[in-house]
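The structure appears right after this line, and notes come after that.
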Amino acid sequence: MVGLLLLLLLLPFVLYVAAPQIRKMLASGVCTSTIQLPGKVAVVTGANSGIGKETAKDLAQRGARVYLACRDVQKGELVAKEIQAMTGNQQVLARKLDLSDTKSIRAFAKDFLAEEKHLHILINNAGVMMCPYSKTADGFESHFGVNHLGHFLLTHLLLQKLKESAPSRVVNVSSLAHHLGKIHFHNLHGEKFYHSGLAYCNSKLANILFTQELARRLKGSGVTTYSVHPGTVQSELVRHSLFMRWMWKLFSFFIKTPQQGAQTSLYCALTEGLEILSGKHFSDCHVAWVSSQARNETIARRLWDVSCDLLGLPMD
Ligand SMILES: *[C@@H]1O[C@H](CO)[C@@H](O)[C@H](O)[C@H]1NC(C)=O
Ligand SMILES: *[C@@H]1O[C@H](CO)[C@@H](O)[C@H](O)[C@H]1NC(C)=O
């Protein structure tokens with residue numbers, strides 16, 4: 001009893017002393033690639049804050065032309081200016097993309113395809129987390145609609161350009177949270193039951209399943225795909241949950257900065273020779289374990305077909 005009490009009293013102290021070490025451990029995984037990207041074109045979704053912004057900044061620093069695809073294009077313009085000033089790269093462009101509206105996605109893709117000859121790097125980074133039950137413009141549940149279907153459609157529309165620009169890469173920002181996810185084919189839009197946390201996990205599982213299915217389908221095309229867990233990162237993702245915002249505050253010391261959170265996306269986008277690991281999931285710049293659901297090819301195929309169906313796309 002006394003021992004336990006003592007332990008409880010000591011714990012904060014031990015944590016305090018060990019914090020720098022723990023923090024360093026949690027921040028492990030740095031993209032050390034020195035590759036430069038002059039003449040390369042990249043699109044980053046959700047690039048006006050957090051990890052997306054840091055990812056875009058790094059790509060700009062390496063000389064790529066970077067499109068910031070943002071829901072709030074005015075904010076995007078400001079961020080584009082900021083990155084231009086910081087990196088000296090003027091080719092940072094903000095474009096409107098609202099992933100919760102297939103019309104907006106189609107409009108973005110149409111303009112992009114007309115404007116650009118190439119696309120070498122697509123980073124599907126934008127996402128919503130734990131929002132109250134809501135639907136997208138097309139009637140999809142928001143997590144499933146934005147995190148999964150929105151990026152599915154975007155990737156689909158840009159795929160030909162990616163193929164023509166090969167070697168090219170698609171990086172999907174997923175999450176460790178996928179371990180709690182399950183694809184409920186009879187309840188994809190949360191109409192039978194809904195939990196905002198689980199809806200998030202499910203959509204992140206969908207990201208991983210898609211990465212694998214896409215990798216299978218793209219074999220030999222020169223386009224490779226990766227999904228990443230960025231780590232636990234300070235970002236606006238938690239804006240919808242008071243509880244999560246408190247947790248984030250409480251543990252802020254152990255949480256990665258957006259810049260550290262961007263490292264695994266960058267690692268997958270840039271590291272030479274990574275092609276043989278297409279379809280894999282990465283965390284801290286290493287291949288990471290995924291749940292058994294996330295490895296199930298039957299589920300991946302079915303989800304692919306259902307998604308095509310929902311979006312009115314041809315199945316192949
Ligand atoms: C990324 O996720 C989206 C949505 O789940 C999917 O459509 C797309 O194929 C995925 N791409 C990659 C490279 O994983
Ligand atoms: C994949 O999922 C299906 C449907 O849930 C299940 O019937 C099947 O046994 C799973 N396959 C593997 C290899 O786990």
Side-chain angles (χ1 to χ4, degrees), residues 99 102 122 124 127-131 133-136 138-156 159 169-221 223-231 264 268 274-316:
L99 287 157
T102 55
L122 170 61
N124 286 326
V128 294
M129 181 183 189
M130 298 185 76
C131 33
Y133 187 72
S134 58
K135 287 193 164 174
T136 67
D138 304 272
F140 309 138
E141 185 277 313
S142 288
H143 294 87
F144 186 66
V146 173
N147 297 356
H148 168 63
L149 289 175
H151 282 125
F152 182 81
L153 179 60
L154 179 68
T155 308
H156 186 94
L159 205 52
R169 295 186 183 187
V170 187
V171 176
N172 261 358
V173 180
S174 177
S175 169
L176 194 62
H178 83 270
H179 279 280
L180 297 174
K182 190 166 190 307
I183 307 296
H184 301 281
F185 284 102
H186 61 292
N187 188 40
L188 286 177
H189 303 300
E191 274 147 348
K192 298 206 173 72
F193 52 89
Y194 180 75
H195 180 280
S196 63
L198 288 181
Y200 174 72
C201 299
N202 297 344
S203 70
K204 292 289 119 177
L205 170 62
N207 289 150
I208 295 185
L209 286 166
F210 258 96
T211 304
Q212 295 173 356
E213 185 63 24
L214 190 64
R216 275 193 283 274
R217 286 167 191 251
L218 288 177
K219 206 167 242 162
S221 72
V223 187
T224 55
T225 77
Y226 313 85
S227 64
V228 314
H229 167 57
T264 305
C268 288
L274 211 64
E275 287 79 7
I276 45 168
L277 295 174
S278 183
K280 293 272 188 260
H281 183 63
F282 287 75
S283 172
D284 284 335
C285 301
H286 289 291
V287 173
W289 182 247
V290 297
S291 69
S292 68
Q293 282 258 322
R295 277 176 278 133
N296 188 316
E297 284 189 29
T298 317
I299 300 180
R301 292 233 164 79
R302 184 165 170 206
L303 183 61
W304 184 282
D305 291 345
V306 169
S307 305
C308 286
D309 197 35
L310 286 168
L311 292 164
L313 300 172
M315 295 265 174
D316 54 320

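From a predicted model like this one, the values you see are computed outputs, not experimental measurements. One-based numbering, in listed order, for ligands and for the atoms of each. Heavy-atom basis, side chains included; hydrogens, waters and symmetry copies ignored.
Between the side chains of S227 and H281, a donor-acceptor pair is found at a separation under 3.5 Å. Between the side chains of T225 and T211, no donor-acceptor pair is found at a separation under 3.5 Å. T155 and N124 form a side-chain donor-acceptor contact under 3.5 Å, judged by distance and modelled atom types alone.
Outside the 6.0 Å centre-distance limit, the rings of F210 and H151 are not counted as a close aromatic pair.
Protein residues are said to neighbour a ligand when one of their heavy atoms lies under 4.0 Å from it; for ligand 2 these are N296, I299.
Heavy-atom minimum distance, G279 versus Q212: O-CG, 3.3 Å. Annotation for K135 and Y133: closest pair CE-OH, 3.2 Å, computed over non-hydrogen atoms.
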